[in-house]
Amino acid sequence: MYFTQGKDIEEKLLEDYNDVFADIINAVVFEGKQRISEDSLTNAQVISQYKADNNTIHEQERDVLKNWTEHNVLFSLFGFENQTQIDPRMPLRIIGYDGASYRTQVLHKPKATSFAPVVTIVLYFGTKEKWRNPKSLKDCLEIPKELDSFVNDYAIRVVNVAWLEPEELNRFHSDFRIVANFFVNKRKNPDYIPDDPQEIKHVDEVLKLLSIMSKDNRYKELISLPEGGVKNMCEVAEHLDRMGFERGMKEGIEKGIEKGIEKGIEKGIKQTQLSTATSLLKQGISEDVILNTGIPSEILSKAKELIAEEK
């Protein structure tokens, strides 16, 4: 099975762990039944090559791909692909990935007559709208009516992570349940503050995935915390709150200093203008000439008051 992740390596780290990978398969494919164990999974080659029309060799890379093997028998290939946005070409991408995997089996087993199935599932983390279309090859094609029955379709499976129901969330037991729960709540409330008490096993990888998929770099910043770091999303929320307070204080101080400098400069300019206006008046320079130098009228009036007080 294939699950779509993004191009960034950090997106793939969490789901590449066998415990997380097996958990997603069991939850999504087997509806929570513990059918696949992490020990039955092995990494498969994610890069495949194909020749374009101009005879140029190109490479395509899946996010995560694993073999499901029991008693030395290959049952299936499973993979993940992560998406944060709806890709109208996804069915074309998936059929390319799957076709490459079947081709690899044919090349490795030239005399075989049966092969292991390849399943691709897209994990969609978008929170603004569900992934509705495209979900099949025909959704991507403009097919004349006369040809429709001759064109083979190819459907893809998409998991709308942010729209999982409570009973579906409860099918997950690994760190992916924490991730899925985060996006479900983020969809309902963009200002959601994490409150999940489940202990995180793969802390760095969870924070990196949340950071990339939610486009919020604060989660990645938490990775640099001293030893002990965070153990669950409740502690993540506490650190985010502290970070926000500290940044607010720093910005407040910086703005205060900036404002003070501005006021100091402004005061200095006014004092210089006042001294200049006073000096020019004492020299008998007319008020019109003084105003033409750019000295404000209120400064000129103040200068006249000071001269009057001296008399």
If the condition is salt bridge (charged side-chain N to carboxylate O under 4.0 Å, His left out), which residues does [X] pass it with, not counting sequence neighbours?
| X | result |
| --- | --- |
| Glu305 | none |
| Arg35 | Glu70 |
| Lys201 | Asp19 |

Report whether Leu92 and Leu147 are members of the same hydrophobic cluster (ILVMFWY, side-chain heavy atoms less than 4.5 Å apart, transitive linking). yes
Checking side-chain contact (heavy atoms from CB on, under 4.5 Å) between Val236 and each of Val203, Val230, Ile178, which is the one that passes? Val230
Is any side-chain heavy atom of [X] closer than 4.5 Å to a side-chain heavy atom of [Y]?
| X | Y | answer |
| --- | --- | --- |
| Tyr219 | Leu240 | yes |
| Leu209 | Leu13 | no |
| Pro194 | Phe182 | yes |
| Glu38 | Phe21 | no |
| Glu205 | Lys208 | no |
| Arg93 | Asp87 | yes |

Judged by modelled atom types alone, do Lys130 and Asn160 share a side-chain donor-acceptor pair under 3.5 Å? no
Should we say atom CD1 of Ile193 is surrounded by more than 12 heavy atoms from elsewhere, each under 6.0 Å from it? no
Does Gln85 have more than 12 heavy atoms from other residues, nucleotides or ligands lying within 6.0 Å of its CD? no
Run the side chain to side chain contact (heavy atoms under 4.5 Å, CB included) test against [X] and tell me which residues pass, sequence neighbours left out.
| X | answer |
| --- | --- |
| Ala180 | Val161, Leu164, Leu169, Phe176 |
| Asp195 | Tyr192 |
| Ser149 | none |

I want to know whether Tyr124 and Phe183 have ring centres closer than 6.0 Å. no
Tell me the side chain to side chain donor-acceptor pair (under 3.5 Å) pairs involving residues 169-185, sequence neighbours left out? Asp23-Ser174, Arg177-Asp196, Arg177-Gln198, Asn181-Asn185, Asn181-Asp196
Side chain to side chain donor-acceptor pair (under 3.5 Å) pairs, two or more places apart, involving residues 271-280: Ser279-Gln283
Listing request: all salt bridge (Lys or Arg N to Asp or Glu O under 4.0 Å) pairs with a residue in residues 131-154, at least two apart in sequence or in separate chains. Lys138-Asp148
Counting N and O atoms only, with roles assigned by atom type, does the side chain of Thr120 sit under 3.5 Å from a partner on the main chain of Ile94, one being a donor and the other an acceptor? no
Is the backbone N or O of Ala100 less than 3.5 Å from a side-chain atom of Thr104, with the two atoms forming a donor-acceptor pair by type? yes
Residues Asp216, Leu210; criterion side-chain contact (heavy atoms from CB on, under 4.5 Å); working and verdict: CA-CA 8 Å; Asp216 190 338; Leu210 290 180; over 6 Å; no
Does Phe75 have any ring-ring contact (aromatic ring centres under 6.0 Å, His included) partners at least two apart in sequence or in another chain, and if so, which? Trp68
Applying side chain to side chain donor-acceptor pair (under 3.5 Å), name anything that partners Lys304, two or more places apart in sequence or on another chain. Glu287
How is the hydrophobic cluster of Phe115 composed, in terms of its other members, when Ile, Leu, Val, Met, Phe, Trp and Tyr link through side-chain heavy atoms under 4.5 Å apart, directly or indirectly? Val106
Nearest atoms (heavy-atom pairs only) where Glu168 meets Glu165: OE1-N, 2.7 Å
